[in-house]
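Any value given below was found using the heavy atoms of this structure, including those in side chains, with hydrogens, waters and symmetry copies removed. Lettering follows sequence order; numbering is per chain, from 1. These numbers come from a predicted model, not from an experiment.
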There are 2 protein chains.
Amino acid sequence: MNNRRITLKDLAKELELSASTISRALDNHPGISPETKEKVKLKAEELGFTRNSIAASFRKSKTLTLAVIAPRIDIHFHSLVISGIEEYAYKTGYNVTIFQSRDSLKREKKITETLQNNMFGGVVICQASETKAYEHFKKLTKMKMPIVFYDRVPTGLEASKIIINDYESSFLATEHLIEMGCKRIAHIGGSQSTGIFKSRFEGYEAALKKHQLPVYKELVHFTKDLSYDEGVLTANKLLMGQPKPDGIFCSNDYTAVSAIQVFQKKGVKIPEQVAIVGFSNYPISKIIEPNLTTINDRAFDMGQAAAKLLIRQIEEEDDFIQSEIITIKTELLIRDSSRRK
Amino acid sequence: MNNRRITLKDLAKELELSASTISRALDNHPGISPETKEKVKLKAEELGFTRNSIAASFRKSKTLTLAVIAPRIDIHFHSLVISGIEEYAYKTGYNVTIFQSRDSLKREKKITETLQNNMFGGVVICQASETKAYEHFKKLTKMKMPIVFYDRVPTGLEASKIIINDYESSFLATEHLIEMGCKRIAHIGGSQSTGIFKSRFEGYEAALKKHQLPVYKELVHFTKDLSYDEGVLTANKLLMGQPKPDGIFCSNDYTAVSAIQVFQKKGVKIPEQVAIVGFSNYPISKIIEPNLTTINDRAFDMGQAAAKLLIRQIEEEDDFIQSEIITIKTELLIRDSSRRK
DNA sequence: AATCATTATGCAAACGTTTGCATATAAATT
DNA sequence: AATTTATATGCAAACGTTTGCATAATGATT
């Protein structure tokens, strides 16, 4: 029993045709007669022939594989984005290979080096938190690798990006708290060296100013990475300090959930005494009681948009476009943690 | 300005050596003199040469890419497993390409067909819930594609598998409730046509029997997919029905959380009046109040183990082994939802 | 000095597919 | 009947790397 894979040549011999004819027949090339196509396809099915994609990629020097670099894939936001990327890629015949930078610049660099090995048609990137310089990305651009950034995108680098309007979303979230009657609105924010968290703070600030509310610096706290535990610490500070907040806008849902719990434990009524809004629409926001008002950042849609844009770039549909920035529409999901009366 | 990629031949010409020498030098082949190696590596660095992996894969007819088929990657368990796979693969120089079956048999079949295109050295699979026959997997085996299954594994198919001991874990979880003094322990389970959920029920049953406790069929409820909403429905049934449970063992954390909430809302004290245990150690289990006692299924470790086993199979280190089943150790994380006194 | 062993490098074929061009045959047009 | 056009298929080279084998150059052994 011969266990070699069936190749085009085997099919050719079997059918007394040339390999090129077989290849074209399977491609539905117009120059091949319908009868031959039929015969070839039947035989291919019969012998269980499948193209060797490696050989094809090699010959055409192009692949149908996309790379994704995310800080980590076990963070719900990223797993949703990747899910969106995979979904779109699957429909268009592309594969998706994933890499985790684990927020390490060193690892991110290593990965971008790997990407130079011709295996990938393009790459979707959410940069590591450590990354402040972009030389390694520029190297990719130099070798004409299409890139689409998402979420944490490099500032000051001309590149395609999929983002949400963090400023505006935060503005709306804060304005919602104001509409609910809050006067002393606190903010639990993320590291201000990360663009998106800076924008979220600025949106919050702008909303307060627009409505002539004071920005108490005692009510603004920045955490290192918006973890649940940091949220607990920060919420306790707010609980103890002065002035007492009657609303909190948090830059993510974890800190918002911790705030709900800390305040509730002290007998503070949510949303009556303190209204709370989060950011990202994590699964827990629908489970925590009261359900958390939050910003739906449409991570899955971001992923789909990223894949779509990247593939368009790879296939050079509009080769006069150098870069493109797409902003995904967010929505404020009003739930019980902020709904008054 | 010539924009072609640098190839071995270019390097060869530049250094007045043959392509084979270059290739071997970069590979640290013993037959090449140290001086030549040094020269070659320097020049490669200088010209920014990177191997064309496609060409190499083609020539060697082997790739360093693993495929993963998961039902979906935005489920925390799977994203953790994939994270583990990626971590191990990264360290061993493999890439990881992901596919989502979305629990559809049709899509799973389509994906397994794609896998026959020579692009992958092996595949890690968690089968779709719809899948009951394994012909499409057998096709892969027939073409000598190494496979490792995890979590939802095919029964009655000789294959390598990474599993946890669902039966024993559930037994221990239930026994824990018994030790806490529970006499009427309910079970919220998953579809009994899925092996792992059947085993979890059986472990629960066995623990009750061992301790001569009755298995009230009014206290055993199977849901379709263990969703939060189904959990709410089921918990309400338990709350209204007879006999009243004083403990609940749930086959996942979502239903356990919903049970906590439903009972709490009716003023039932957790764990004093009803003790609750979940399964899987989802992030929410550490956040819900009281914190949920649950089984840590070590998803990340499962992923690492799967990658390790798969790569061992690909590299045929023990080619006399036909298949291997690895059971990952679980642990019962005792938290406040079941801790009495 | 002749032979053998060792070390370093090169030659050339091969992997399976795709594709521009050539060719053969049949059909249509003069 | 001769020429043009259309249709269907084949030829052969190419993509960049790897690898078994051959060869050249050097050093060691008789």
Side-chain angles (χ1 to χ4, degrees), chain A residues 2-41 43-44 47-65 93 116-121 143-144, chain B residues 2-41 43-44 47-65 93 116-121 143-144:
Chain A
N2 187 353
N3 233 334
R4 240 187 65 262
R5 274 181 63 87
I6 309 279
T7 71
L8 277 184
K9 283 181 191 167
D10 299 329
L11 268 184
K13 195 171 290 175
E14 190 85 11
L15 290 165
E16 296 180 307
L17 286 168
S18 74
S20 40
T21 303
I22 309 286
S23 177
R24 286 193 262 248
L26 294 171
D27 274 351
N28 257 322
H29 187 103
I32 305 294
S33 74
E35 303 83 55
T36 313
K37 282 182 187 168
E38 191 56 26
K39 253 195 311 185
V40 170
K41 286 176 186 170
K43 201 68 175 182
L47 301 188
F49 168 80
T50 45
R51 265 196 175 73
N52 181 332
S53 306
I54 301 256
S57 280
F58 172 50
R59 163 65 225 239
K60 297 197 277 193
S61 46
K62 89 195 253 303
T63 84
L64 292 177
T65 304
Q116 306 189 21
N117 69 0
N118 275 30
M119 296 272 288
F120 306 98
M143 56 177 298
K144 305 221 180 301
Chain B
N2 187 353
N3 231 333
R4 239 185 68 261
R5 272 182 65 88
I6 309 279
T7 70
L8 277 183
K9 282 180 192 167
D10 298 330
L11 267 185
K13 195 172 290 174
E14 191 85 10
L15 291 165
E16 294 180 308
L17 286 168
S18 74
S20 39
T21 302
I22 309 287
S23 177
R24 286 192 261 247
L26 294 171
D27 274 352
N28 258 322
H29 187 103
I32 304 294
S33 73
E35 304 83 53
T36 314
K37 281 182 187 169
E38 191 56 28
K39 253 195 311 184
V40 169
K41 285 176 187 170
K43 201 70 175 179
L47 301 187
F49 169 79
T50 44
R51 265 196 174 71
N52 182 333
S53 307
I54 301 257
S57 281
F58 172 50
R59 163 66 224 238
K60 298 197 276 194
S61 46
K62 89 195 255 301
T63 83
L64 293 176
T65 303
Q116 307 189 20
N117 69 0
N118 276 28
M119 295 273 289
F120 306 98
M143 57 178 297
K144 306 223 180 298

query = For the pair made of NZ in A:K39 and C1' in D:dT9, what is the distance, rounded to whole Å?
reply = 11 Å

remark   = Heavy atoms of B:I6 and B:D10 approach each other most closely as CA-OD2, 3.4 Å

ask   = Out of curiosity, B:T50 OG1 to A:N118 CG, how far, rounded to the nearest 0.5 Å?
value = 6.5 Å

Closest to side chain of B:L17, choosing from C:dG10, D:dG10, C:dG16 = C:dG10

remark   = To the nearest angstrom, the CG-P distance between B:D10 and D:dG16 comes to 8 Å

remark   = Closest heavy-atom pair, A:M143 versus B:R5, reported as atoms and distance to 0.1 Å, is CE-NH1, 3.2 Å

remark   = note: A:K9, atom NZ; C:dC15, atom P; distance rounded to Å ~ 6 Å

Check nucleotides 11-13 of chain D against the protein and report each pair of N or O atoms closer than 3.5 Å, with its distance, or say if there are none.
residue	atom	partner	partner atom	Å
D:dC11	N4	A:S20	OG	2.9

query = Counting only N and O atoms by type, is there a donor-acceptor contact under 3.5 Å from the side chain of A:K43 to the main-chain atoms of A:F49?
reply = no

note = From NZ of B:K60 across to P of C:dC15 the rounded distance in Å is 17 Å

Between the protein and nucleotides 5-8 of chain D, which nitrogen or oxygen pairs come in under 3.5 angstrom?
none

Nearest-Å distance for atom pair CD/P, residues B:E38 and C:dT9 = 14 Å

key: Non-hydrogen atoms of B:L17 and B:V40 that approach each other most closely   = CD1-CG2, 4.0 Å

inquiry  = Looking at every non-hydrogen atom in both residues, tell me the closest pair between A:K37 and A:I32 and how far apart they are.
reply    = CE-O, 3.4 Å

inquiry  = Test your reading of the model: is there a side-chain donor-acceptor pair from B:T63 to the backbone of B:M119, 3.5 Å cut-off?
reply    = yes

note = Between A:F58 and B:T21, the residue closer to the 5' end of DNA chain C by nearest nucleotide is B:T21

message = Once rounded to the nearest 0.5 Å, what's the spacing between atom NE2 of B:H29 and atom OG of B:S23?
response = 9.5 Å

request  = Measure the distance from CG on B:N117 to P on C:dT17 and round it to the nearest whole Å.
outcome  = 11 Å

message = Just the rounded figure in Å: distance from C1' of C:dG16 to CG of A:N52.
response = 6 Å

inquiry  = Categorize A:I54 for me: base, sugar-phosphate, or nothing, with a 4.0 angstrom heavy-atom threshold over every strand shown.
reply    = nothing

ask   = How long is the line joining CG of B:L8 and P of D:dA14, in whole Å?
value = 18 Å

remark   = Minimal heavy-atom distance between B:A12 and B:A19, with the atoms involved, is CB-N, 3.7 Å

